[in-house]
Amino acid sequence: MIKIWLGLLFFCNLYAVSTPSWDYTHTYQLKKDAVATVEITKKDYTSQVDPDGKLYFRWTLYHNKLLVLLVNYEGYPTQHVLQKKYKRDLVRINLLGDYSREGERVFLLLKFTDFEKTKNIATVKAMILDPQKRIEVKFSGPE
């Protein structure tokens, strides 16, 4: 019986460790082609690279429960097709690529959470994990 309780305690602790507490979160209510902006300011940045970055995203098409999301971070445009299914509803963008250890990287997740067909509005949640508190973030755009 004690082995069962220890196993249950182990899995509960494993789940608690694996769910991050996000440093920044914001929920966007976007109409078609409405641009949302995330401004990232890097603290104590000593490299020759531009210290500030802007991330823009918008959606252009919703068809057959698929959302086409256009993302532009520091001048590099990308296109993602999202749907509300496990592992198909997220876009991960590394904001600082200077750490080789995965646990110390600063990254942003864009999660497609809902679509209202009557109003033609997509809900996208932006979540940023910054384990060492190396950036400041400002969210702007339509809400």
Side-chain angles (χ1 to χ4, degrees), residues 3-45 47-143:
K3 290 181 182 179
I4 294 172
W5 285 107
L6 287 176
L8 184 62
L9 182 65
F10 173 74
F11 284 114
C12 289
N13 285 337
L14 183 66
Y15 178 73
V17 170
S18 66
T19 55
S21 60
W22 301 103
D23 296 304
Y24 303 96
T25 60
H26 188 75
T27 303
Y28 291 97
Q29 301 285 327
L30 297 173
K31 292 185 178 180
K32 184 177 189 254
D33 291 322
V35 179
T37 306
V38 180
E39 295 181 34
I40 299 110
T41 306
K42 301 167 186 157
K43 300 177 188 174
D44 301 328
Y45 203 74
S47 176
Q48 298 293 332
V49 182
D50 182 24
D52 297 329
K54 289 189 179 183
L55 182 132
Y56 305 99
F57 66 94
R58 63 189 174 99
W59 70 272
T60 59
L61 178 66
Y62 182 76
H63 184 66
N64 290 338
K65 298 183 182 179
L66 299 173
L67 183 81
V68 177
L69 188 72
L70 301 177
V71 180
N72 188 328
Y73 180 56
E74 294 183 336
Y76 296 103
T78 56
Q79 176 178 318
H80 306 275
V81 179
L82 304 175
Q83 58 182 326
K84 292 191 304 182
K85 290 186 179 179
Y86 179 67
K87 289 193 176 183
R88 294 182 181 175
D89 60 347
L90 293 173
V91 174
R92 179 184 168 139
I93 300 161
N94 290 324
L95 300 177
L96 299 178
D98 55 350
Y99 274 45
S100 60
R101 293 181 52 197
E102 185 69 28
E104 296 177 355
R105 285 189 183 165
V106 179
F107 66 90
L108 172 130
L109 289 181
L110 295 174
K111 182 174 183 171
F112 171 45
T113 58
D114 193 22
F115 189 84
E116 293 182 39
K117 271 193 163 181
T118 57
K119 296 181 182 178
N120 208 24
I121 293 177
T123 304
V124 178
K125 186 172 184 181
M127 303 170 284
I128 296 178
L129 185 65
D130 184 11
Q132 297 183 342
K133 312 297 184 248
R134 299 187 296 148
I135 64 169
E136 293 178 4
V137 176
K138 179 183 173 191
F139 298 102
S140 59
E143 294 186 9

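Because only heavy atoms are used, hydrogens play no part in the values below, and waters and symmetry mates are left out as well, while side chains stay in. On a predicted model such as this, the values are computed, not experimentally measured, just so you know.
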Visitor: Within a strict 4.5 Å, meaning less than it, do heavy atoms of the Lys43 and Glu136 side chains meet?
Guide: yes
Visitor: Using 30° and 60° as the class limits, which term best fits the ring planes of His26 and Phe139: parallel, tilted or perpendicular?
Guide: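 The rings of His26 and Phe139 lie parallel, inter-plane angle below 30°.
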Visitor: Where is the tightest heavy-atom contact between Arg134 and Glu104, given as atom of each residue plus distance?
Guide: NH2-O, 3.9 Å
Visitor: When you look at Lys84 and Asp114, which way does the side chain to side chain contact (heavy atoms under 4.5 Å, CB included) test go after all the steps?
Guide: CA-CA 8 Å; Lys84 292 191 304 182; Asp114 193 22; 3.5 Å; yes
Visitor: Kindly compute the distance separating OG1 (Thr113) from CG (Leu90), expressed to the nearest 0.5 Å.
Guide: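 Atom-to-atom, Thr113:OG1 and Leu90:CG are 10.5 Å apart.
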Visitor: Which distance, rounded to the nearest 0.5 Å, do you find between the CG of Asp89 and the NZ of Lys125?
Guide: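 Separation between the atoms: 11.5 Å.
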Visitor: Is a side-chain N or O of Trp59 found less than 3.5 angstrom from the main chain of Asp33, in a donor-acceptor match?
Guide: no
Visitor: I'd like to check Phe57 versus Val91 (side-chain heavy atoms, cut-off strictly below 4.5 Å). Are they in contact?
Guide: no
Visitor: Counting C-beta onward and ignoring hydrogens, is there a side-chain heavy-atom pair between Arg58 and Leu30 closer than 4.5 Å?
Guide: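 No, side chains not in contact.
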Visitor: Count the heavy atoms of every other residue, nucleotide or ligand shown that sit under 6.0 Å from NZ of Lys119, and state whether that count exceeds 12.
Guide: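 For Lys119, atom NZ is not crowded (no more than 12 foreign heavy atoms under 6.0 Å).
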Visitor: So how far is it from Glu74 CD to Tyr56 OH, rounded to the nearest 0.5 Å?
Guide: 11.0 Å
Visitor: Between Tyr28 and Thr37, is there a donor-acceptor pair closer than 3.5 Å when you use the side chain of the first and the backbone of the second?
Guide: yes
Visitor: With rounding to the nearest 0.5 Å, note down the distance linking CD1 in Ile40 to CG in Leu95.
Guide: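 If I round to the nearest 0.5 Å, the distance is 5.0 Å.
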Visitor: Report yes or no: does Tyr73 contribute a side-chain atom to a donor-acceptor pair with the main-chain N or O of Gly53 at less than 3.5 Å?
Guide: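 No, because the side chain of Tyr73 does not come within donor-acceptor range (under 3.5 Å) of the backbone of Gly53.
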Visitor: Applying the side-chain contact (heavy atoms from CB on, under 4.5 Å) criterion to Leu108, which one of Leu129, Val38, Asp130 satisfies it?
Guide: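 Only one of Leu129, Val38, Asp130 forms a side-chain contact (heavy atoms from CB on, under 4.5 Å) with Leu108, namely Val38.
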Visitor: Just verifying a value: how many Å separate Lys31 NZ and Glu116 CD, rounded to the nearest 0.5 Å?
Guide: 11.0 Å
Visitor: List the steps and the verdict of side chain to side chain contact (heavy atoms under 4.5 Å, CB included) for Thr123 and Thr27.
Guide: CA-CA 7 Å; Thr123 304; Thr27 303; 3.6 Å; yes
Visitor: Does any N or O in the side chain of Thr78 come within less than 3.5 Å of the main-chain N or O of Val71, such that one atom is a donor and the other an acceptor?
Guide: yes
Visitor: Could you tell me which non-hydrogen atom of Leu110 sits nearest to which non-hydrogen atom of Ala126, and how far apart they are?
Guide: CD2-CB, 3.9 Å
Visitor: Return the orientation label for the Phe115 and Tyr62 ring planes: parallel under 30°, perpendicular over 60°, tilted otherwise.
Guide: parallel
Visitor: Taking the side chain as everything from C-beta on, heavy atoms only, tell me whether Ile135 gets closer than 4.5 Å to Ile128.
Guide: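 Of all side-chain heavy-atom pairs linking Ile128 with Ile135, at least one is under 4.5 Å.
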Visitor: Output the distance between atom CG (Leu55) and atom CD (Glu39), rounded to the nearest 0.5 Å.
Guide: 11.0 Å
